[in-house]
Engineer: 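Before I ask anything, let me first share the structure, which is written out below as structure tokens.
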Amino acid sequence: MAAVDFRDNLLGISWVDSGWVPILNPGNVLDYFSERSNPFYDRTCNNEVVKMQRLTLEHLNQMVGVEYILLHAQEPILYIIRKQQRQSPTQVIPLSDYYIIAGVVYQAPDLGTVISSRVLSAVHGIQSAFDEAMSYCRYHPSKGYWWHFKDHEEREKAKPKSKKKEEPSSLFQRQRVDTLLLDLRSKFPPTFYQPKPGEKPIPVEVKKEPEPPAEGVKQEEREPASKSTAPAPPSKPPPEKRARLQ
């Protein structure tokens, strides 16, 4: 398996030399950037030729090829260095930019990389949303499709379960029992009653109704009997029709 060179994509790495950080300034920032351990620096550039020949940076304008220049400086924390292809003293093509923040070197992404990253992040978010939505979808042949959310289950579990009050008896049973109790009360009246809880029960005076004399009852019984046994008067037959004599 071939080894992957980290130079193919330098957007995900950074470089720093802590020994240079306290003394960084616009005059030596290019020397700091040209350190051998810096992965962003191309040693075949014109800056390396000028450095080996001990020439000034003004000679870069008279050369053709890749070079590095200090594009912007905001002391003491921010420096921007540009890598460009020089074709003539007046014509250059920018290749990439690098920014140094507090001594840490980063490569600035190009416009295509920024757009690609944003689109990829958006597509990943949409795909994650669809995957999560599909995880809540349920199907059954008899019910069809429906949504089943986890937070709904947690809310149902968190809610206190209200117990349904069970009626001890039905309306018919209560009315029937009341009728039986009234019947028993009339047959067996109470002998004591308690005015208030905790007080001594008081006996109840039961008034007995006077019974009718036995002779009068017997006479009343005989009278309807005699009336019912009396023979009914015989009914007279209708008069016979006699034939007229002519």
Side-chain angles (χ1 to χ4, degrees), residues 1-137 149-151:
M1 182 176 179
V4 179
D5 189 1
F6 67 89
R7 293 177 180 271
D8 294 340
N9 186 7
L10 300 177
L11 297 175
I13 65 174
S14 63
W15 176 82
V16 62
D17 188 348
S18 58
W20 281 80
V21 175
I23 60 174
L24 274 181
N25 56 65
N28 62 6
V29 67
L30 285 176
D31 296 332
Y32 172 63
F33 190 81
S34 62
E35 284 289 324
R36 291 184 176 274
S37 58
N38 184 7
F40 303 105
Y41 183 68
D42 185 3
R43 293 182 182 84
T44 62
C45 64
N46 294 339
N47 296 67
E48 193 71 14
V49 176
V50 171
K51 185 177 180 181
M52 292 175 62
Q53 295 179 2
R54 297 181 181 181
L55 300 175
T56 60
L57 295 178
E58 285 77 8
H59 290 81
L60 292 175
N61 296 335
Q62 307 301 325
M63 304 175 67
V64 177
V66 178
E67 64 183 23
Y68 293 91
I69 63 170
L70 178 61
L71 184 64
H72 177 73
Q74 184 178 344
E75 296 184 73
I77 191 170
L78 176 64
Y79 303 94
I80 299 177
I81 295 175
R82 170 167 291 179
K83 181 182 180 180
Q84 59 189 11
Q85 179 75 33
R86 181 171 292 277
Q87 297 179 350
S88 67
T90 58
Q91 186 178 4
V92 293
I93 300 175
L95 299 178
S96 59
D97 292 337
Y98 305 91
Y99 55 94
I100 303 173
I101 299 178
V104 183
V105 182
Y106 305 91
Q107 180 176 348
D110 56 288
L111 182 60
T113 304
V114 172
I115 295 175
S116 176
S117 176
R118 296 295 185 270
V119 172
L120 184 61
S121 300
V123 171
H124 176 71
I126 295 173
Q127 185 64 36
S128 301
F130 274 109
D131 293 341
E132 186 174 359
M134 288 301 297
S135 65
Y136 298 131
C137 182
F149 298 101
K150 296 179 181 178
D151 57 347

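Everything numeric in this text was worked out from a predicted model, so none of it was measured. Values reported hereafter were calculated over all heavy atoms of this structure, with side chains retained and with hydrogens, waters and symmetry mates removed.
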Engineer: With a 4.5 Å heavy-atom cut-off, do I100 and V29 have their side chains touching?
Structural biologist: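 I100 reaches V29 side chain to side chain.
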Engineer: How many angstroms lie between atom CD of Q84 and atom CG of L71, to the nearest 0.5 angstrom?
Structural biologist: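 One finds 8.5 Å between CD of Q84 and CG of L71.
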Engineer: Are side-chain heavy atoms of I13 and P39 found at a separation under 4.5 Å?
Structural biologist: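 Of all side-chain heavy-atom pairs linking P39 with I13, at least one is under 4.5 Å.
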Engineer: I'd like to check V92 versus R82 (side-chain heavy atoms, cut-off strictly below 4.5 Å). Are they in contact?
Structural biologist: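 Contact flag for V92/R82 side chains = no.
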Engineer: Checking ring pair (Phe, Tyr, Trp, His ring centres under 6.0 Å) between F40 and each of Y32, Y99, W15, Y98, which is the one that passes?
Structural biologist: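 Result for ring pair (Phe, Tyr, Trp, His ring centres under 6.0 Å) with F40: Y98.
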Engineer: Distance-only, no hydrogens or angles: does the D131 side chain make a donor-acceptor pair with backbone N or O of M134 under 3.5 Å?
Structural biologist: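 The answer is no, because no donor-acceptor pair under 3.5 Å joins these two groups.
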Engineer: So L70 and P26, do their side chains get closer than 4.5 Å, heavy atoms only?
Structural biologist: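 Yes, side chains in contact.
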Engineer: Distance check, rounded to the nearest 0.5 Å: Y68 atom OH versus L30 atom CG?
Structural biologist: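 Those atoms lie 11.0 Å apart.
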Engineer: Quick one: does V21's side chain get under 4.5 Å of V16's, heavy atoms only?
Structural biologist: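 When only atoms from C-beta onward are counted, V16 and V21 do touch, with a gap below 4.5 Å.
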Engineer: Could you tell me whether a side-chain N or O of S121 sits under 3.5 Å from a main-chain N or O of S117, the two making a donor and an acceptor?
Structural biologist: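 Answer holds: yes.
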Engineer: Quick one: does any side-chain atom of S116 pair with a main-chain N or O of T113 as donor and acceptor, under 3.5 Å?
Structural biologist: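 No; zero donor-acceptor contacts below 3.5 Å.
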Engineer: Among side-chain atoms of E48 and Y41, is any donor-acceptor pair under 3.5 angstrom?
Structural biologist: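 Yes - a donor-acceptor pair under 3.5 Å links their side chains.
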Engineer: Would you compute the distance between atom CG of L60 and atom CD of E67 and round it to the nearest 0.5 angstrom?
Structural biologist: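 Spacing of CG (L60) from CD (E67) equals 5.0 Å.
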Engineer: Which atom names give the shortest non-hydrogen contact between M63 and V50, and what distance separates them?
Structural biologist: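 Nearest heavy atoms, M63 then V50: SD-CG2, 3.8 Å.
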Engineer: Any chance you could measure S34, atom OG, to D42, atom CG, to the nearest 0.5 Å?
Structural biologist: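 Here the rounded value is 12.0 Å.
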Engineer: Judged by atom type as modelled, is there a donor-acceptor pair below 3.5 Å linking the side chain of D97 to the main-chain atoms of Q107?
Structural biologist: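 Side chain of D97 to backbone of Q107, a donor-acceptor pair under 3.5 Å: no, none is there.
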Engineer: Compute the ring centroids of F33 and W20, then answer whether they are less than 6.0 Å apart.
Structural biologist: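 Not under 6.0 Å, so no.
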Engineer: Using only atom types and a distance under 3.5 Å, with no angle test, would you say the side chain of Y79 pairs donor to acceptor with the backbone of G103?
Structural biologist: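 Judged by distance alone, no pair lies under 3.5 Å.
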Engineer: How far apart are the closest heavy atoms of V104 and S14, and which atoms are they?
Structural biologist: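 Reported closest heavy-atom pair: CG1-CB, 3.8 Å.
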Engineer: Just verifying a value: how many Å separate N46 CG and L57 CG, rounded to the nearest 0.5 Å?
Structural biologist: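 So the gap between those two atoms works out to 11.0 Å.
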Engineer: Would E35 and S37 satisfy side-chain hydrogen bond (donor to acceptor under 3.5 Å, both in side chains), going step by step from the backbone distance to the final call?
Structural biologist: CA-CA 6 Å; E35 284 289 324; S37 58; 5.0 Å; no
Engineer: Rounded to the nearest 0.5 Å, how far does NZ of K51 lie from SG of C45?
Structural biologist: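 The NZ atom of K51 is 9.5 Å from SG of C45, to the nearest 0.5 Å.
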